[in-house]
Amino acid sequence: MPELPEVETIYLGLERLIKGKRFESVTFDVQKSFPNSYNEVDQFMINATVIGIQRRGKALLIELNSNYSLIVHLRMTGQLVYEGKEIRFGGGHPSSSLLNSLPDKSTRVVVTFTDGSKLYFNDQRKFGWMRLYPTSQINSLPFFAKLGPDPLDNLFTWQDLRQRLQKRTQSSIKSVLLDQGVVSGVGNIYADESLWGAQIHPATKVQALKIRDYKALYASLVSVLRLSIEKGGSTDRNYVNAEGKKGNYLEIAKVFRKEGQPCPRCGTEIIKIRFAGRGTHLCPRCQKVKTA
DNA sequence: CACTTGACCTGTCCGC
DNA sequence: TGCGGACAGGTCAAGT
């Protein structure tokens, strides 16, 4: 669920809220959520200062001045929430937030900074993780080494998209869009939304796509991702940003979670099917399967 | 080798 | 009300 726009929103929040802060202590409940040893945490995290934050695909990198970086992947239900003098939870805090008080029962890691502020890593399903790695090794970690380009990179063009998709001509377009090695950051929500925008059926084989399809898909993907960032991302179930607030993109989504409602383009009822093992939303009239 | 399916988890919702 | 099962969907390992 946290896809590119959600992780970008968290990134923007962390940039403002924790950059320059120094770690005082760290506690965690299950090793799976934070697999480093106590020794590594003591040596490379405690008393280290946050010097930079990056997003790469759906992952966050928090760079420390100890030559280590903290990598965070939220997977399905992860949250990274800040609490400090600017932001408090509970105690009658008026809330567009999903959160009442922290920590809660899904809190896996609590990081405390020297100014008393805290960063909570919550993860209901425990698929997500955060982990310290030497900064110099990050680019060679398998996850990052094979990561495709960011679709919002200024240098990324429709020709790049076409060239990368065309390495997978036998596959369906939706499966390929979800492959982080082809393009990074796209998940189930924005795959469905961008394919609707480009009027391409998710099951269409890449080999059946024409030049105009690549151009349309590129334009659609970029605009959907940008629009969602403006809206603070999508809150489907439990996504919140670094301030604990929900995103608003789903209010203006065209097909995702809109089954039974009219297609904004042609009025036909949006359907939900199961495709490539996932819930897939589309307009059966605007998005026909094309064959080569 | 390319692609698809199952496992990892927990909470929610639906039907009986 | 309680219970079993389907479902949610990111990534990697295992299977076809």
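Because the structure is a prediction, the values reported are computed rather than measured. Chain letters run A, B, ... following the sequence lines, proteins first and then strands; every chain starts at 1. Side chains included, hydrogens not; waters and symmetry mates left out as well; all remaining heavy atoms used.
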**Study point:** 5' precedence on DNA chain B between Arg75(A) and Gly277(A) (nearest-nucleotide basis)
**Key:**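 Residue closer to the 5' terminus by nearest nucleotide: Gly277(A).
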
Counting any heavy atom closer than 4.0 Å, what does [X] reach on the DNA or RNA strands: base, sugar-phosphate only, or nothing?
X         : answer
Phe256(A) : sugar-phosphate
Lys167(A) : nothing
Arg108(A) : nothing
Gly187(A) : sugar-phosphate

Do Asn139(A) and Arg56(A) have side-chain atoms, one donor and one acceptor, less than 3.5 Å apart?
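There is such a pair (donor and acceptor under 3.5 Å, judged by atom type) between the side chains of Asn139(A) and Arg56(A).
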
With a 3.5 Å cut-off and no angle check, do the side chains of Thr135(A) and Asn67(A) form a donor-acceptor pair?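 On atom types as modelled, these side chains do not qualify, holding no pair under 3.5 Å.
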
From [atom1] of [X] over to [atom2] of [N], roughly how many Å is that when rounded to an integer?
X         : N       : atom1 : atom2 : value
Ile273(A) : dC7(C)  : CD1   : P     : 14 Å
Leu74(A)  : dT11(C) : CG    : P     : 10 Å
Gln170(A) : dC3(B)  : CD    : C1'   : 10 Å
Asp104(A) : dG11(B) : CG    : C1'   : 13 Å
Phe144(A) : dC12(C) : CZ    : P     : 10 Å
Glu193(A) : dG9(C)  : CD    : C1'   : 16 Å
Leu178(A) : dC3(B)  : CG    : C1'   : 14 Å
Arg278(A) : dT5(B)  : CZ    : C1'   : 11 Å

Give a yes/no on whether any side-chain N or O of [X] is located under 4.0 angstrom from OP1 or OP2 of [N].
X         : N       : result
Arg168(A) : dA2(B)  : no
His73(A)  : dT11(C) : yes
Lys32(A)  : dC9(B)  : yes
Arg274(A) : dT5(B)  : no
Gln180(A) : dT11(C) : yes

Checklist entry - Looking only at N and O atoms, is any donor in the side chain of Arg125(A) or the base of dA8(C) less than 3.5 Å from an acceptor on the other one? => result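 In this structure, the two groups form a donor-acceptor pair.
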
- Kindly assign one of parallel, tilted or perpendicular to the pair His281(A) and Phe256(A), based on the angle between their ring planes and the thresholds 30° and 60°.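 Correct class here is tilted.
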
Where the side chain of [X] is concerned, which of [options] is the nearest nucleotide?
X         : options                  : value
Ser171(A) : dG10(C), dT4(B), dC3(B)  : dC3(B)
Asn188(A) : dC8(B), dG10(C), dT12(B) : dG10(C)
Lys126(A) : dG9(C), dC9(B), dG11(B)  : dC9(B)
Met76(A)  : dG9(C), dA8(C), dT11(C)  : dG9(C)
Lys146(A) : dG11(B), dC12(C), dA8(C) : dC12(C)

Q. Between the side chain of Glu40(A) and the main-chain N/O of Ser37(A), is any donor-acceptor distance below 3.5 Å?
A.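 Yes, Glu40(A) side chain to Ser37(A) backbone: donor-acceptor pair under 3.5 Å.
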
(Q) Using only atom types and a distance under 3.5 Å, with no angle test, would you say the side chain of Gln180(A) pairs donor to acceptor with the backbone of Leu178(A)? (A)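 Yes.
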
Rounded to the nearest 0.5 Å, how far apart are CG of Leu177(A) and OH of Tyr190(A)?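 Answer rounded to 0.5 Å: 14.5 Å.
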
Separation of the [atom1] atoms in [N] and [M], to the nearest angstrom:
N       : M       : atom1 : result
dG6(B)  : dA6(C)  : C1'   : 16 Å
dG11(B) : dT11(C) : P     : 22 Å
dT5(B)  : dC7(C)  : P     : 15 Å
dG9(C)  : dC13(B) : P     : 15 Å

Using the rule that Ile, Leu, Val, Met, Phe, Trp and Tyr join whenever any side-chain heavy atoms are under 4.5 Å apart, tell me whether Phe144(A) and Leu152(A) fall into a single cluster.
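Looking at the clustering, Leu152(A) is in a separate group from Phe144(A).
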
message: According to a cutoff of under 5.5 Å between the ring centres and under 30° between the ring planes, does Phe127(A) stack with the base of dC8(B)?
response: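 Stacked: centres under 5.5 Å apart, planes under 30°.
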
**OP:** Identify the nucleotide, in any strand shown, that forms a Watson-Crick or G-U wobble pair with dG9(C), with both distances under 3.5 Å; if there is none, say none.
**Re:**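 In the structure as shown, dG9(C) has no Watson-Crick or wobble partner.
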
So which one's nearest nucleotide on DNA chain C is more toward 5', Phe143(A) or Asp236(A)?
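The residue mapped nearer the 5' terminus is Asp236(A).
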
